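All chains are named by letter (A, B, ...) in the order of the sequence lines, taking the proteins before the strands, and each is independently numbered beginning at 1. For clarity, every value in this text was computed on a predicted model and none was experimentally measured.
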Number of protein chains: 2
Amino acid sequence: MPKPDVDPTVQLELSVDRSSPVPLYFQLAQQLEAAIEHGTLTPGSLLGNEIELASRLGLSRPTVRQAIQSLVDKGLLVRRRGVGTQVVHSQVKRPLELSSLYDDLESAGQRPATKVLVNTMVSASAEVAAALGVPEDSEVHRIERLRLAHGEPMAYLCNFLPPGLLDLETAQLEATGLYRLMRAAGITLHSARQTIGARAATPAEAERLTEEPGAPLLTMQRVTYDDTGRAVEYGTHTYRPSRYSFEFQLLVRS
Amino acid sequence: MPKPDVDPTVQLELSVDRSSPVPLYFQLAQQLEAAIEHGTLTPGSLLGNEIELASRLGLSRPTVRQAIQSLVDKGLLVRRRGVGTQVVHSQVKRPLELSSLYDDLESAGQRPATKVLVNTMVSASAEVAAALGVPEDSEVHRIERLRLAHGEPMAYLCNFLPPGLLDLETAQLEATGLYRLMRAAGITLHSARQTIGARAATPAEAERLTEEPGAPLLTMQRVTYDDTGRAVEYGTHTYRPSRYSFEFQLLVRS
DNA sequence: TCAATCAGTATGTCCGGACAATGTGACTTC
DNA sequence: GAAGTCACATTGTCCGGACATACTGATTGA
C-alpha cells in the first residue's frame with residue numbers, strides 16, 4: 001500500500017548527455033534548478049535518495065552529490081541526514097552578487113542610460129592610492145558617470161582604476177557597465193569590499209542628482225579585486241534613495 | 001638545481017587526528033585557514049599539488065580536495081588548472097554574513113547596550129502579514145528596541161515575529177541579540193532578504209535617535225527564513241549614518 | 001629570432017564501493 | 001497508554017583509482 005506522503009517524493013524526467021562537454025553534475029544541477037524554477041519540484045517536496053537517483057540516471061553517487069551540493073550552496077535545497085533532500089520553501093531569488101548597477105537595472109528591465117562626465121587620468125590622492133595599492137601621486141584613471149533611468153538621474157558614480165588594465169573609451173562606457181568591460185578585457189573578478197551608508201547631499205551633489213542640498217543620499221564605496229589579489233577598481237557612488245535601494249538575498253554560512 | 005620560485009611552494013607541518021570525531025577534511029581546512037591567517041601561508045604562495053599533499057597526510061585526494069574546496073568557497077584560495085592552488089593575495093576579511101547588529105558591534109569590541117521600548121503582541125498589518133506569511137489581523141510579536149553604543153543611540157530596531165516560535169523576555173532581549181535567542185531556541189536560520197536604503201528622518205524618528213528632523217537616516221528592512229522556509233522575523237530598522245554603516249566583503253559567484 | 005609543437009604538471013571530472021552518523025517511525029515493554 | 005528500544009532509511013565521510021583538460025615552459029622547426 002503506498003503511503004500518503006505529505007511531502008511527496010517527486011519523480012522527474014531527468015537525463016544527461018554524456019557526449020556533451022558540459023560536466024554531468026552541472027547538467028543535472030541545471031535540470032534540477034529548472035524544475036524548481038518551473039514549479040515541477042514544489043517547495044517542501046523530497047528529492048528522492050541519492051543512490052536511487054544515481055542509478056536511475058546511470059551516474060555515480062559522487063556525481064549526483066556534487067550536483068545537489070551546488071544547489072544547496074545556492075540555497076535552493078536543504079539536506080537532512082536520515083530524512084532526505086528537499087526543496088527550500090521560501091522564495092529564494094538570488095543571493096548577493098558582485099553585480100554592477102548597470103546589470104541590476106537591465107535585469108529589472110529598465111534599460112539604463114549612462115552619461116560619462118569625466119574620463120581622464122589624474123594623479124592618485126592618498127585615499128585612492130591606498131584603496132588601489134598604487135603609489136601616491138601615480139597616474140590612475142578617473143571616471144565620473146551619471147546613471148539615468150526614465151530620463152531621471154539616479155546615481156552618480158565616481159571610479160578610479162589602475163593604469164594599463166584596460167583602455168576606457170567613453171563610447172563603450174556609455175553603452176555598457178564597467179564590470180562587463182573588465183570581464184571582456186580578461187580580468188577575472190574575485191571579490192569586493194563594500195561600505196554602504198547615507199549622508200546629506202552637498203550642494204554640488206544635489207545639483208548633479210537634481211535633489212535639494214541636505215537631502216538624504218545613499219552612498220556606496222567599493223574596492224574590487226581580481227583573483228590575483230590586485231585591486232582593479234575603487235568606486236565612490238551616491239544614489240538617490242527615492243530611485244534606488246540595495247536589495248539582496250543572503251544565505252547563512254552553516 | 002632548484003628553481004628560484006617566485007611563488008614558492010610552502011612546506012607546512014600538517015597533521016590530522018583520525019580518532020577525532022571532527023571530519024578529516026574539516027581538520028585540514030582549519031589548519032590551512034589558520035596557516036593563512038597566521039601568515040605561514042603567504043599570499044601568492046602555491047599550496048603544493050593535491051596528490052602529494054594527500055599522500056603526505058595519509059589522506060585520499062577527494063578528502064584533500066574537499067578541504068581545499070571549502071577554502072576556495074570562502075575566497076581564501078584560488079585554483080588554476082595546470083598551475084596549482086595558491087593563497088589569494090587580497091585581504092579577505094569575511095564575506096557577508098547573516099549577522100545581527102548585536103554581533104557586529106560585539107565583534108568590533110563595542111559592547112552594545114539595548115533598551116527595549118516595546119515588547120508586546122499586536123495584530124498584523126497587511127505589510128507585516130505579507131512579510132511573515134501569516135493571516136492579516138492575526139496576532140504577532142512586536143518588539144521595538146533602541147541600540148546604544150557609548151551611551152549614544154545608534155539604531156532603532158522594530159521587529160515582528162510570528163507567534164509560538166519563542167517566548168521573548170525583555171531581560172533577555174536587553175542582554176543579547178535577537179538572532180542569538182532564535183538560534184538558542186533551536187531555530188536554524190537559512191536565508192534572509194534585505195533592502196538597504198535611506199530617507200529623511202520624521203520628527204518621531206529624529207527624536208528617538210537624537211537627530212534633527214529631516215536628517216538622513218540609513219534604513220534596512222529584512223525578512224529572515226528558517227530552513228523549512230517559514231518566515232521567522234521581519235524587521236524595519238533605522239540607523240544613524242554618522243554612527244553606523246554596512247560594511248562587508250562579497251565574492252564573485254564564478 | 002620567432003613561432004609552433006610537445007611533454008610535463010596540475011586540477012577537473014567521474015567511478016564504485018565502504019562504513020559511520022543521524023533522524024524517523026514502528027515495535028516492544030512496562 | 002506512555003516511554004524506551006530497535007530497525008530502517010538517508011545523508012555524511014572517506015577511500016583508491018582512472019581519464020580528461022588546461023596551463024607552462026622547453027624543445028623544435030622555419
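Taking side-chain N and O atoms only, R65(A) has no distance below 4.0 Å to OP1 or OP2 of dT11(D). Within the 4.0 Å cut-off from OP1 or OP2 of dT10(D), not a single side-chain nitrogen or oxygen of T85(A) is found.
Atom CG of D227(A) and atom C1' of dC23(D) are 14 Å apart (whole Å). A straight line from CZ of R81(A) to P of dT11(D) spans 11 Å, rounded to a whole angstrom. One interatomic measurement links the two molecules: CG of L24(A) to C1' of dC19(D), which rounds to 13 Å at whole-angstrom precision. Atom C1' of nucleotide dA9(D) and atom CG of L47(A) are separated by 15 Å, given to the nearest angstrom. Distance, Q86(A) CD to dT11(D) P: 11 Å, rounded to whole Å. As rounded to whole Å, 16 Å separates atom C1' of dT13(D) from atom CD of Q69(B). The distance from atom CG of L28(B) to atom C1' of dT13(D) is 14 Å, rounded to the nearest whole Å.
Base contact: P62(A) has a heavy atom under 4.0 Å from a base atom.
Sequence order on DNA chain C of the closest nucleotides to R80(A) and V64(A) puts V64(A) first from the 5' end. DNA chain C is contacted by both R61(A) and G82(A); R61(A) maps to the nucleotide lying nearer its 5′ end (nearest heavy atom per residue). Along DNA chain D, the nucleotide closest to V83(A) and the one closest to P21(A) are compared, and the more 5′ of them pairs with V83(A).
Ring geometry for F248(A) against F248(B) counts as tilted: the plane angle lies between 30° and 60°, on a 0 to 90° scale.
Although no hydrogens or angles enter the test, the distance criterion places a donor-acceptor pair under 3.5 Å between the side chain of Q27(B) and the main chain of D17(B).
Around CZ of F246(A), the count of heavy atoms belonging to other residues, nucleotides or ligands within 6.0 Å exceeds 12.
A donor atom on one side chain and an acceptor atom on the other are found under 3.5 Å apart for T224(B) and Y179(B).
Salt-bridge check for R193(A) with E247(B): passed, with a basic side-chain N closer than 4.0 Å to an acidic carboxylate O.
Judged as a side chain to side chain donor-acceptor pair (under 3.5 Å), the pairs with a partner in residues 129-143 of chain A (not counting sequence neighbours) are, in order, R142(A)-E144(A).
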What do the steps show when you test R79(A) against Q69(A) for side-chain hydrogen bond (donor to acceptor under 3.5 Å, both in side chains), and what is the final call? CA-CA 9 Å; R79(A) 321 177 90 139; Q69(A) 187 59 48; 2.7 Å; yes
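A 4.0 Å heavy-atom criterion places the boundary nucleotides of DNA chain C facing chain A at dT13(C) to dT24(C), written 5' to 3'.
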